[in-house]
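Just so it is clear: chains get the letters A, B, ... in the order the sequence lines come, proteins before strands, and each one is counted from 1. FYI, side chains are in, hydrogens and waters are out, and symmetry mates aren't considered; it's all heavy atoms of this structure.
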Amino acid sequence: MKTKKLNIYDHLKIEKKWQKYWISKKIYKTTEDNKKPSCYVLEMFPYPSGVGLHVGHPRGYIAGDVYSRFKRMNGFNVLHPMGYDAFGLPAEQYAIQNKIHPKKAVEENIETFRNQLDLIGLSYDWSRVVNTTDPKYYKWTQWIFLKLYESWYNKVSNKAEPIEDLINTFEKEGNKSIDAACDSDLRIFTDTEWKSLSDLEKHNILMKYRLAFEGFSEVNWCPEMGTVLANDEIVDGSDGKPVSERGNHPVEKKTLRQWFLRITAYADRLIEGLDGIDWSHHIKEIQKNWIGKSVGSEITFAIKGMEEKINVFTTRADTLFGVTYVVLAPEADLVKKLLPKISNRKDVEKYIAGVKLKTDEDRMSTVKEKTGVILEGIKAINPANQEEVPVFVADYVLATYGTGMVMAVPAHDDRDFAFAKKYNLPIKEVIVPERIDKRNPPVEGKKIVERKNVHVVVKNPKTGMYIGLRYKKHNWTTFPMGGIEDGENLIDSAKRELLEETGYKNVTEGVVLGGQVRAEYFAAHKDQNRVSYTNLVYFELLDEEKEKISDEENEEHEVIWLSEKDINSNLMTHAEMDIWLERLNKGDVAYINDGVIVNSREFNGLNNLDAIKKITDFVRGEIVTKYKMRDAVFARQRYWGEPIPLIHKKDGTISVVSEKKLPLELPNVKSYEAIGNGESPLAGVKDWVEKGYETNTMPGWAGSSWYFLRYMDPKNNKSFVGEKALKYWKQVDMYIGGAEHATGHLLYSRFWNKFLFDYGLVLEDEPFKCYKNLGMILGSDNRKMSKRWGNVVNPDEVVKNVGADTLRVYESFMGPFEQEISWSTDSMVGSRRFLERVWKLQEKVIERFVDSSDTEALLHKTIKKVGEDIDSFNANTAISSMMILLNHLDGVESISEDLYLNYIKILSPFAPHMCEEIWANLGQKKSVVLADWPKYDESKIKSAKVNIPVQINGRVRATLIVDTDLDQATVEKLALENSDVQKWLEGKEIKKKIFVKNKILNLVI
RNA sequence: GCGCGAGUGGUGUAAUUGGUAAACACGCCAGUCUUAGGAACUGGUGGCGCAAGCCGUGGAGGUUCAAGUCCUCUCUCGCGCACCA
């Protein structure tokens, strides 16, 4: 055996050496290569914020890097780029705080950032770097914006089309046959009408169709910063009021001129597209939720004696017969029209004014406290039954969703219920839950009799016990119960039954809990099927005074006292107990689930879901789809963003900056700070304003909505991406990033990509085939890493102390990738030890050594496992399996060079520097980065022996070590020979044997 | 409130998808060595019990020869939305 003198593992020297080598050999440079399949791996690019990285940031970069290296070794041509998202609030705020120009600040920050990244040994092709603030880049952001501006969404072809085509149609036939995603306040016009319009009028109409359009909206206004914020830039402050995420400044509402992108046009496609992509379930759910599709009915209520109509949107047309009033949002246009016609105009105006004073937060914080005011003299007519119902204005109805008007069905909607209770409005039940008594199900062919029943719950508050009845003959336990007689009210009937059956008479005023329940059962004593409609009435016992009860009743049952637990177990009631328990627990609540229709004329008896369409048709309503998602505000009153390339003309119309003149570069300004009056700093640039340029700039997410395309072809100055590059790379195969972008960036990128797809400018409908959601690394105190908590760990320090490879291995090993996890410098030593032990293994290598078959089997198993785990982003178990192999190798005398080379290959994606060093030490010429991933041999994985646990009645009593693939008979024979097994079987008969090959033998005695 | 997800040793976590629960690592305990270190190596380490053995994956039931895994109910935590009719 030869011994080698082994140097110690000097990570500083090794890492520096190989990082230099990779750069000098341009080893990560990527070009299209049609001989190889492509693989595009991308991590979300960062804001170069200037604070620098903490150890949480590289987690995603490392994961992407491991995956890239793995794919590269498997014969893929891997595109793995990195860049900077440097426009937007963070960069601007940093610049303001540090009193330097944002451009300068960005340059500095990028340098810091780059230096930190380089230390980690990431395999980026830096020749493709993009920077959203580079005019050569934002030229194309502006170009795409103009494309959006000059497009409309055709719902017939279901895609974006040039606005020119729309204008042509208008000139030929007006807009009557156009079905577009557009503003809702459009009127129908003919071609002649169109032609007679002025330029400005035409311009204004087209604006209602454009995918990028100008409008006014209430926005989140931050006076301190003098700027508008997106919803995801706002967080709850310490007092619960909204504040800006950066700087914690208060945020309020303000109406401003804005640019919007009509993302709602793509709502359906954004939902459907999710089915075909491999994203974590969680993120898909968040997006679906955010888009908030719901299918419902629009139903028109006439107003008695007036021409105006109330058009409501509801998903519950099945409850139309249960409407007891109608509610309009305070902002609804109809309210203004009705004002002159009502007798309490002052009250209503006062209420509306009061609502306006409330902030969004106030409106939200009072979720339970409903307020509103009646419109005196207005009666809406329910189209289903011609009933006249009152009309209210209430701020629990949102003007911005549906039609801004709703029908109120207090019996089946929590909010309407709360409102009705407060204002003492009638509650009319039209759905009852439907149950079939499983213990006494209806018998086919028997007569069906309908009955109205009452169940009586009486609690003795002194003991906490409930009155029950035990039926002597059947041994049933029930509540007191019985039929309701004609003309009798529920409470009286309940009292009567209580008295007759138990003799108790002094009880509190009764409460009817919830509505009826419909139940079907077979009444054996009468030989008939019954359909019962039952209510639950609740009393508390005042005293124990009793009247004598009839012999007849006495003979049938006796009174017993039931504990809460008894009730929870089981009683004999119509329908299952759960439904009664729900009423008992929740008290007086609206019943809003599914069931069977009642009190609705010919629709009675229908399942409520079936009734939706039928009742909608009956009142000539229309089935429509609504979304929660709103169009995206695409303007900021800031300096540091892409200029919007539009020119406002004196006549009020707008023209575009021609493509030749792009990019429209940001002008130099004296002060890039917000000027505080709601206008962008650009509004203070004389020259800019004189030329009519738009003074708003684009929001932070503009440049990031398409950057993944630019990496494919970053230097192209003829188009945002060239055809050749596009055809080769197609889309991002693996995208890695944080969950905080679920409803922002990840949605906007999909939207832009779909838009470009409509024009054939990209080849895939979805930009990111697979998305992995990065779990945050918390500080060791389980809090978000932040200066504020003093729990920040700097990666540079870690790299210096233990090396980039250790950092990489540790971050891969610490836990499941998508899971949040806290940093532990203590735990990291395990990863360092692991690498040191692999390093030391060099001493054991003998060139032509023949490894044992055990060792070989484990190697092949490990190759397989590591490959599969990297592919599925389970790096933690990949590392663990390499540790298992290492533990095994520690126990053998020598290892073959071949085996060690394979080991180094599979470790190299995680610890590239050390692996390069060892690789070179072993005399390999070419970089390990370019090595082929080893192939495993399935036949070698099977080791000769296998452990078979022998269970007796499901408990392991012995473990046999037997040859692999042994058949049942042989294993059984061996098992029966085993003394432990014999001991357990002694004198017993084996009733059943279960055998799973190579897995288990279970003997049942 | 609604939607989604998760609960496993002292800790991070694993479990071939229904087949020996706790692999791997941290920590801890004992030992070895010594140039005394916050080093390395070896062994041990879920709980109860002297032991045979019993118990054990948030809790309660169930299905099964067999349940961390499937079903029903329930509790707790995290995330998202939040009066969306």
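Nucleic acid contact for A:V1004: sugar-phosphate only, since backbone atoms but no base atoms lie under 4.0 Å from a heavy atom of the residue.
Using a distance-only test at 3.5 Å, with no hydrogens or angles considered, no donor-acceptor pair links the side chain of A:K628 to the main chain of A:I291. Judged purely by atom type and a 3.5 angstrom limit, A:N1002 uses its side chain to pair as donor or acceptor with the backbone of A:G954. At least one donor-acceptor pair under 3.5 Å links the side chain of A:D781 to the backbone N or O of A:R783.
Applying the 4.0 Å criterion to OP1 and OP2 of B:U20, one finds that A:Q951 has every side-chain N and O outside that range. For A:Y401, a side-chain nitrogen or oxygen approaches OP1 or OP2 of B:A85 to under 4.0 Å. Applying the 4.0 Å criterion to OP1 and OP2 of B:C55, one finds that A:R955 has a side-chain N or O inside that range. The side chain of A:T877 contributes no N or O atom lying less than 4.0 Å from OP1 or OP2 of B:C24. Here A:N1002 does not reach the OP1 or OP2 of B:U64: none of its side-chain N or O atoms lies under 4.0 Å away. Within the structure, every side-chain polar atom (N or O) of A:N876 is placed at least 4.0 Å from both OP1 and OP2 of B:G12. Phosphate contact (OP1/OP2 of B:A40, side-chain N/O of A:R833, threshold under 4.0 Å): present. Within the structure, every side-chain polar atom (N or O) of A:H281 is placed at least 4.0 Å from both OP1 and OP2 of B:C4. Residue A:K983 places at least one side-chain N or O closer than 4.0 Å to OP1 or OP2 of B:G53.
Pairing for B:A39 is absent, with no Watson-Crick or G-U wobble pair whose two atom distances lie under 3.5 Å. Judged by Watson-Crick or G-U wobble contacts below 3.5 Å, the nucleotide B:G3 has B:C79 as its partner. Look at B:A52: it lacks any Watson-Crick or wobble partner with both distances under 3.5 angstrom.
The CD1 atom of A:I952 sits 11 Å away from the P atom of B:C54 (whole-angstrom rounding). One atom, OH of A:Y396, and another, P of B:A85, lie 13 Å apart when rounded to the nearest Å. At whole-Å resolution of the value, CD in A:E820 and P in B:G78 are 11 Å apart. Nucleotide B:U20 holds its C1' atom 12 Å from the CG atom of A:L960, rounded to whole Å. Note: CG (A:D869) to P (B:U17) measures 14 Å, nearest angstrom. For the pair A:F834 CZ and B:G12 C1', the interatomic distance rounds to 17 Å; values are reported in whole Å.
You'll find the ring centres of A:W823 and A:Y810 inside the 6.0 Å limit. In summary, the aromatic rings of A:Y401 and A:Y627 are positioned with their centroids too far apart to meet the 6.0 Å limit. The aromatic ring centroids of A:Y325 and A:Y423 lie 6.0 Å or more from each other.
B:C81 and B:U72 have their P atoms separated by 28 Å, with the value rounded to a whole Å. B:C73 and B:C4 are spaced 14 Å apart, taking the P atom of each and rounding to whole Å. Between B:A39 and B:C24, the distance separating the two C1' atoms is 23 Å to the nearest Å. Separating the C1' atom of B:U8 from that of B:A14 is a span of 10 Å, rounded to the nearest Å. Taking the C1' atoms as reference points, B:A15 lies 26 Å from B:C75, given to the whole Å. Straight-line distance between the C1' atoms of B:A82 and B:U76: roughly 22 Å, to the nearest whole Å. Taking atom P on both nucleotides, B:G5 is separated from B:G9 by 23 Å, rounded to a whole Å. As rounded to the nearest Å, B:G1 and B:C48 have C1' atoms that lie 45 Å from one another.
Of all heavy-atom pairs between A:K864 and A:I941, the closest is CD-CD1, 3.7 Å.
Look at B:G9: its glycosidic torsion is within 90° of 0, and that puts it in the syn range. Annotated as syn: B:U17, whose O4'-C1'-N torsion sits within 90° of 0.
Of the listed residues (A:L966, A:V950, A:V946, A:N947), just one forms a side-chain contact (heavy atoms from CB on, under 4.5 Å) with A:L960, and that residue is A:V950.
For B:C81, the base has no donor-acceptor partner in the side chain of A:K628 [N/O atoms by modelled type, under 3.5 angstrom]. The base of B:C81 lies outside donor-acceptor range of the side chain of A:N289, with no N or O pair under 3.5 Å. A donor N or O paired with an acceptor N or O is not found under 3.5 Å between the base of B:U11 and the side-chain atoms of A:D826.
When the nearest nucleotides of RNA chain B are assigned to A:T314 and A:D890 by heavy-atom distance, the more 5′-ward of the two goes with A:D890. The residue among A:I994 and A:K865 whose nearest nucleotide of RNA chain B is located toward the 5' end is A:K865.
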